[in-house]
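Numbered from 1 within each chain, the chains take letters A, B, ... in sequence-line order. Owing to the predicted nature of the structure, the values given are computational and were not obtained by experimental measurement.
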Amino acid sequence: EAQVTQNPRYLITVTGKKLTVTCSQNMNHEYMSWYRQDPGLGLRQIYYSMNVEVTDKGDVPEGYKVSRKEKRNFPLILESPSPNQTSLYFCASSPWRGGIGANVLTFGAGSRLTVL
Amino acid sequence: AQTVTQSQPEMSVQEAETVTLSCTYDTSESDYYLFWYKQPPSRQMILVIRQEAYKQQNATENRFSVNFQKAAKSFSLKISDSQLGDAAMYFCAYRREGGNNDMRFGAGTRLTVKP
């Protein structure tokens with residue numbers, strides 16, 4: 001089944017304790033992206049990647065890091081989490097250009113993160 | 001930067017009736033795509049419908065259709081014969097062709113379906 005898998009789905013942590021949210025897709029998509037969802041704000045892009053070793057900042061990158069060493073994986077790293085990073089996080093992927101499904105983002109199931 | 005506005009934070013509809021969710025967007029681009037995503041209580045983001053800006057014909061998917069007005073930069077979603085399972089948060093989204101290709105989302109409209 002074509003899908004985006006992210007883990008963990010739920011996490012409660014404390015301020016300053018480094019954590020990683022993993023994201024993996026099995027559709028050979030070039031483009032991958034991380035979003036955070038907050039009430040009244042919709043989804044905002046944190047980081048994106050157009051291919052292996054190519055990453056760039058989105059609208060709200062502060063406090064986050066990413067890497068894209070393999071095409072299928074795009075982990076989100078919170079080096080020193082703070083309470084304002086409490087949010088619902090989504091990983092998504094799509095083909096970069098052309099073909100059926102181009103420009104349609106496929107989302108993971110979401111990761112609910114709480115930072116105390 | 002492109003922005004997407006959903007002016008209705010909440011809407012409600014009676015089961016079997018029709019409801020229209022509004023969305024406007026701001027862009028200077030000519031090539032782009034518009035989407036409606038549904039987010040039920042499970043939190044999964046589900047694609048409802050997609051519209052290419054170069055197509056004049058409005059997209060339709062079963063009970064879901066859009067009214068795309070390119071000049072007015074308006075992209076509303078009509079749900080016909082509403083069902084209880086349609087209750088969800090609905091997000092309007094814009095994605096331009098090329099560039100960093102990021103997708104921009106509105107703040108969402110929470111739809112309640114009354115039996």
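Residue with the most contacts toward chain A among Gln6(B), Gln39(B), Glu52(B): Gln39(B) (heavy-atom pairs, distance under 4.5 Å).
Cluster annotation: Val60(A) and Tyr35(A) are assigned to distinct hydrophobic clusters (Ile/Leu/Val/Met/Phe/Trp/Tyr, side-chain heavy-atom contacts under 4.5 Å, transitive). Linking ILVMFWY side-chain heavy atoms closer than 4.5 Å, directly or via other members, places Phe74(A) and Tyr48(A) in two distinct hydrophobic clusters. By the criterion of side-chain heavy atoms lying less than 4.5 angstrom apart, applied directly or through intervening Ile, Leu, Val, Met, Phe, Trp or Tyr residues, Val113(B) is grouped together with Trp36(B) in one hydrophobic cluster. Under a hydrophobic-cluster definition in which Ile, Leu, Val, Met, Phe, Trp and Tyr are linked whenever side-chain heavy atoms come within less than 4.5 Å, directly or via other members, Val21(A) and Val115(A) are assigned to the same cluster. Taking hydrophobic clusters as Ile, Leu, Val, Met, Phe, Trp and Tyr residues chained together by side-chain heavy-atom distances below 4.5 Å, Leu84(B) shares a cluster with Val19(B).
For a residue to count as touching a neighbouring chain, one of its non-hydrogen atoms must lie under 4.5 Å from one of that chain's; by this rule Leu43(A) touches chain B with backbone and side chain alike. Using a 4.5 Å cut-off between heavy atoms, Arg44(A) makes no contact with chain B at all. Heavy-atom distances place the side chain of Asp59(A), and not its backbone, under 4.5 Å from chain B.
Across Gly40(A) and Ala107(B), no two heavy atoms sit closer than the pair O-CB, 3.4 Å. Closest heavy-atom contact between Val104(A) and Arg95(B): N-NH1, 4.1 Å.
In Asn84(A), the CG atom is crowded: over 12 heavy atoms of neighbouring residues, nucleotides or ligands sit closer than 6.0 Å. Heavy-atom contacts from other residues, nucleotides or ligands closer than 6.0 Å to NZ of Lys71(A) number more than 12. Heavy-atom neighbours of Gln56(B) CD from other residues, nucleotides or ligands within 6.0 Å: at or below the threshold of 12.
The CE atom of Met45(B) sits 6.0 Å away from atom CZ of Phe90(A), with the distance rounded to the nearest 0.5 Å. Atom CZ of Phe107(A) sits about 11.5 Å away from atom CD1 of Ile46(B), to the nearest 0.5 Å. Interatomic distance, CD of Gln37(A) versus CZ of Arg43(B), reported as 9.0 Å (0.5 Å rounding). Atom OH of Tyr37(B) and atom CG of Leu105(A) lie 5.0 Å apart (nearest 0.5 Å).
Heavy-atom proximity under 4.5 angstrom to chain B picks out Arg9(A), Tyr10(A) from residues 1-17 of chain A.
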